[in-house]
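Predicted model only: the values in this text are computed from it and were never measured. Here is the naming used below: chain letters follow the sequence lines, and residue numbers restart at 1 for every chain.
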Amino acid sequence: MKRYDPREVEPRWRAAWKAADAFRADAGSDKPKYYMLEMFPYPSGRLHVGHARNYAMGDVIARCKRAQGYNVLHPMGWDAFGLPAENAAAERGVDPAVWTEENISTMRAELDGLGLGIDWSREITTCAPEYYGRQQSWFLQLWRRGLVYRRDGLVNWDPVDMTVLANEQVIEGRGWRSGALIERRRRPQWFMRITDYAEELLAGLRSLPRWPDKVKLMQENWIGKSAGLRITFPLRGRDEGLTVFTTRPDTLFGASFLAISPEHPLAAVVAATDPAIAAFIAECRRGGVSEAEIEQAEKKGVDIGLTAAHPFDPSIELPVYIANFVLLDYGEGAIFGCPAHDQRDLDFARKYDLPVRPVVLPPGADPALFHVEQEAWTGPGTLMNSEFLDGLQVETAKEAAIDRARSLGAGERVLAYRLRDWGVSRQRGWGCPIPIIHCQACGPVEASPPVLLPRDLDFSRPGNALERHPTWKLVTCPECGGKAERETDTLDTFVDSAWYFARFADPWAAETIGRAGADYWLPVDQYIGGIEHAVLHLLYSRFVTKALRDAGLMDVDEPFAGLFTQGMVTHETYRRQNGEWLEPSEVTFRQEGAGRRAVLRATGEPVIIGEAEKMSKSKRNVVAPADIAGVYGVDAARLFVLSDSPPERDVQWTTAGVEGASRLVNRIWGAFSQPAAGPPIEGDPAKEALALRRSSHRTVKAVTEAIEAFRFNSAVARIHEFVAVLRGAGEASHRELAAARREALSILARVIAPFAPHLAEECWSKLGEAGLVAHAPWPEFDPALVEEAERVLPVQINGKRRGEIKAPAGASQSAVEDIVFRDPEIARRLEGLTIKKVIVVPDRIVNLVAA
RNA sequence: GCGGGUGUGGCGGAACAGGUAGACGCGCGGGUCUCAAAAACCCGUUCCUUUCCAGGAGUGUCGGUUCGAUCCCGACCACCCGCACCA
């Protein structure tokens, strides 16, 4: 028998798919549509196994759905703007466009080499003018609708990448790419008004049952809705009062001070005449934003000499502070301090010797003895020292306080959100230009898209190459014709990826989004990507979808009906004694009993085996799919990354694992290359044929259900089992058995097709089937063959398994009891015992309670 | 600190819906084939006791509910993830 050679077989079938244009999607079809999408890649240079796993998962679903009769759209594109291209330009002097295009060519070939069933005619590249020009068009539409604005504000400045980052891109005080400590800087920047959609983004999560709860919870927490009271305290000697936000209006009588953010407008007013206050504000601004610094940062403040009157009782007077822990852009940028019931306020009060007045009595506490020392009471209780609120519970007191504030005209019920507007300005040359022209006379005016990037940017120095370009920004104002300048900020690349799924629906459309295509294909039925985008890309995309819907560009509320977040591919790490990282190919292993020792292949020098970690260039534990394909074939690699762990979990890449998958490929091929072969038949051939048919149909059921539940590892396990059964089935000299084998092989070829598509085609053609297995219908199972006529029921005595009986499927309690009590083994076990109770779970188990 | 998750053999993991724990793969042990090795194939493989037959324990720990718990409830331990001065 000729050994299966994936290196010969696989390219042949990829060529056949190409020749047949096998994965082209067309909008006009009677079939139900199914839009399968994986997060598109950044063209970094080479594909790694993590990409392969992500796209293999999507391909399994897409191929299965296609076979099940859906009109499937499965496109691919490139998230092509971004910093690595600028870094390459800076280091090697290459044009980022050329560098990116070369990477795309390489990676397109590598992706294609994975045997993915993709409609390449729809390929999108975000750095192409036909894409980013249309992005500029909708950007301007949102601008006209007031959803885009420019303001001066404190921004997260990444000093290494020399650009601004959005809040979502700052992880533990560091830039999400550079890892540099973020500084706060004040500069004008462009924002998208995502906060306008806070409520809908929150409520919409409930319409996404096929999203992981974890992601929905993370978005919910990120949006951070709280209900409370906005209330104004009159200031002595001033016309305007000071407005604060609180979620604890019940504790208003416990107030002992007011505090405003150092960035609050009132702070600037008082600083103008008081150098000490100005100095304090400056000091606050210098403060770092790293986790450690915030943790240790002392609560500090300065009394600004103003006096506020309590809205409920003007005789109560409160000092006003500027405090470093009050945030400008949450609530009103100002708070009232209630030290007894808020830990921060308590710390502040102790430092500045302010009164601590308990107003909530914990349940069971003695009002005469209760007092707050170093720990604020934030739990439930009964109001005290609070005039009209006395005796109420916290929740009812909140309502009563809000009612009183409203009737006094001092405040009202409001909602506050933690979500901030999305800062989209980036000081980068390799990005989508913001299509705005600044004119001294007319202000910011629209530049008509596409606003193209110049090709002669200088990336040799850090910072914004676009800004440095000698002529690009110099234009005349489209309104008045006077001298004007282009905006030199470009858009955050998360804007590029926030609508690409809609462009895939009709990438040829002249409009920004082709309506007919979008109406047909959207929303994406199944989206797959990494959990790291839980609040970045996935929140931005939801917002942009809603904003574009309201602008009339598309007609869906949510972009992704189903979401699956897949785990990473990890690999062991290896280093020499001196700490130098080693590539897996440089290391060889020696078995020592149950354990394993690693040595350097070249010298035999001992190697330290480290934890399995996410593949990264710095740790040199990256495995390239192309290298594996050359040895084991792509099908084996796909089978392995899908089989060894559940898809939402990380999978550890191991050579032994791929070898196991490769064995499966060869066994399957063995079954097809000698389709009639098997051990001699021992019993009744008709019975053997029936047993084989049962196994085939059970496999169809199990694999289908596993794929639909995203349990690819279980699906592959069932295929393993089925192949073992098929190999053990008797030789097909008998007519019925021959037919059963033929059916089994036909089923096997089709159920492996989503996982190992090349092998499946080769098997399908070996069977003599016409056409591609990629276009063959998914096998259906006969329920009668899946059901077992006779069941084996374990028999327990007092919960311990003591034997088993055979009973017809669906046998009644009394029928089962009959069988049990006639069983001699069970009878022997029951000697000397009295039966107290018999529990029969039909088709499942029997439990005898005896003493 | 707040919120969420996970914990099963030597390893990755399986177990519908409270009903035979450990499917399938890896590794390991034994065997067939071979002059030999590799490959391939076959058998075995939770732990303890036991020649056999068999018995006992067992899903992070302790307790509870139940005829029966990996699954439900309570407390705890460990690890992972998200947020983090959000008033």
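- Comparing the same atom, C1', in B/rG7 and in B/rG13 gives a spacing of 13 Å after rounding to whole Å.
- For the C1' atom pair drawn from B/rC71 and B/rG64, the interatomic distance equals 15 Å after rounding to whole Å.
- In the model, A/Asn713 has no side-chain atom that pairs as donor or acceptor with a side-chain atom of A/Ser643 under 3.5 Å.
- Remark: A/Arg698 CZ is packed, more than 12 non-hydrogen atoms of other residues, nucleotides or ligands lying under 6.0 Å away.
- Considering only side-chain N and O atoms, A/Arg727 lies under 4.0 angstrom from the phosphate OP1 or OP2 of B/rC41.
- Phosphate proximity of B/rC2 to A/Asn221: absent, as no side-chain N or O sits under 4.0 Å from OP1 or OP2.
- No donor-acceptor contact under 3.5 angstrom links the side chains of A/Arg649 and A/Gln566, judged on distance only.
- Heavy atoms of A/Arg829 sit under 4.0 angstrom from primed sugar atoms or phosphate atoms, though from no base atom.
- Counting to the nearest Å, the C1' atom of B/rC26 and the CG atom of A/Leu664 are 14 Å from each other.
- Atom P of B/rC42 sits at a distance of 28 Å from the matching atom of B/rC48, rounded to the whole Å.
- Taking the syn range as angles within 90° of 0, the glycosidic angle of B/rG60 is outside it, so the base is anti.
- In this structure, the CD1 atom of A/Ile845 is 9 Å from the P atom of B/rG19, given to the nearest Å.
- Between A/Glu332 and A/Leu217, the residue anchored closer to the 5' end of RNA chain B is A/Leu217, taking for each the nucleotide with the nearest heavy atom.
- Within the nucleic acid shown, A/Glu721 comes within 4.0 Å of sugar-phosphate atoms alone, with no base atom in reach, counting heavy atoms only.
- Taking atom CZ on A/Arg638 and atom C1' on B/rG25, their separation rounds to 19 Å, with Å as the unit.
- Using a 4.0 Å cut-off, some side-chain N or O of A/Arg711 falls inside it from OP1 or OP2 of B/rA15.
- If you check every strand for non-hydrogen atoms under 4.0 Å, A/Val838 touches nothing.
- Pair check for B/rA14 finds none; no Watson-Crick or G-U wobble contact set falls under 3.5 Å.
- Of the candidate nucleotides B/rA14, B/rG27, B/rC24, B/rC24 has the atom lying nearest to any side-chain atom of A/Ala717.
- As judged by a 4.0 angstrom heavy-atom cut-off over every strand, A/Arg667 is placed among residues touching the sugar-phosphate backbone only.
- A distance-only check finds a donor-acceptor pair linking the side chain of A/Asn621 to the backbone of A/Glu613 [under 3.5 Å].
- Residue-level contact check: A/Ser226 touches the backbone only, with heavy atoms under 4.0 Å from sugar-phosphate atoms and none from bases.
- Taking the six-membered ring for Trp, A/His310 and A/Phe336 have ring centres at least 6.0 Å apart.
- Comparing the same atom, C1', in B/rA17 and in B/rA87 gives a spacing of 46 Å after rounding to whole Å.
- Which of B/rA15, B/rU20, B/rC85 sits closest to the side chain of A/Ser714 comes down to B/rA15.
- In this structure, the CH2 atom of A/Trp222 is 11 Å from the P atom of B/rG82, given to the nearest Å.
- Taking the side chain as every heavy atom from C-beta outward, A/Ser695 and A/Phe722 approach each other to under 4.5 Å.
- For the pair A/Arg698 CZ and B/rC24 C1', the interatomic distance rounds to 17 Å; values are reported in whole Å.
- Without hydrogens or angle criteria, A/Trp211 side chain to A/Lys214 main chain gives no donor-acceptor distance under 3.5 Å.
- Closest approach to the A/Asp342 side chain among B/rG3, B/rA87, B/rC85 is made by B/rA87 (side chain taken as heavy atoms from C-beta onward).
- The same atom, P, is picked in B/rU59 and in B/rU8; the two are 11 Å apart, to the nearest Å.
- Within the 4.0 angstrom heavy-atom criterion, no nucleotide atom of any strand lies near A/Ser643.
- A donor atom on one side chain and an acceptor atom on the other are not found under 3.5 Å apart for A/Thr247 and A/Ser226.
- Atom CG of A/Asp843 and atom C1' of B/rA17 are 14 Å apart (whole Å).
- Using P as the reference atom, B/rG4 and B/rG9 are 27 Å apart when rounded to the nearest Å.
- Between A/Arg801 and the phosphate of B/rA21, there is no side-chain N or O to OP1/OP2 separation shorter than 4.0 Å.
- The separation of B/rG31 from B/rC24, taken at their C1' atoms, amounts to 23 Å, rounded to a whole angstrom.
- Across all strands shown, A/Lys800 has heavy atoms under 4.0 Å from sugar-phosphate atoms exclusively, and none from any base.
- Separation of the P atoms belonging to B/rA21 and B/rG68 is 14 Å when rounded to the nearest angstrom.
- Note on A/Gly331: nothing from the nucleic acid sits closer than 4.0 angstrom, heavy atoms only.
- Pair assignment for B/rA57: B/rU46, on the basis of Watson-Crick or G-U wobble contacts that are both within less than 3.5 Å.
- The residue A/Arg420 sits close to a base: some heavy atom pair falls under 4.0 Å.
- Base-pair partner of B/rG74: B/rC62 (Watson-Crick or G-U wobble, both distances under 3.5 Å).
- In this structure, A/Gln652 atom CD and B/rC11 atom C1' are separated by 9 Å, rounded to whole Å.
- Nearest to the side-chain atoms of A/Val326 among the listed nucleotides B/rU20, B/rA87, B/rC85 stands B/rA87.
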Would you tabulate the nitrogen or oxygen pairs shorter than 3.5 Å linking the protein to nucleotides 65-70 of chain B?
unit_1 : atom_1 : unit_2   : atom_2 : d
B/rC67 : O2'    : A/Asn847 : ND2    : 3.3
B/rC67 : O2     : A/Asn847 : ND2    : 2.6

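- Of all nucleotides present, only B/rC67 satisfies the Watson-Crick or G-U wobble test against B/rG19, with each distance under 3.5 Å.
- A donor-acceptor pair under 3.5 Å links the side-chain atoms of A/Asp345 to the main chain of A/Cys338, judged by distance alone.
- The side chain of A/Arg663 sits closest to B/rA40 out of B/rG13, B/rC24, B/rA40.
- Judged by Watson-Crick or G-U wobble contacts below 3.5 Å, the nucleotide B/rG1 has B/rC83 as its partner.
- Under the 6.0 Å cut-off for aromatic ring centres, A/Tyr352 and A/Phe257 do not qualify, their centroids lying 6.0 Å or more apart.
- Closest contact between the side chain of A/His720 and the listed nucleotides B/rG13, B/rC24, B/rC26 involves B/rC24.
- Rounding to whole angstrom units, CD of residue A/Glu613 and P of B/rC81 are separated by 12 Å.
- Checking B/rA40 for Watson-Crick or G-U wobble geometry (two distances, each under 3.5 Å) identifies B/rU32 as its partner.
- Annotation: A/Glu375, atom CD; neighbour count of heavy atoms from other residues, nucleotides and ligands within 6.0 Å does not exceed 12.
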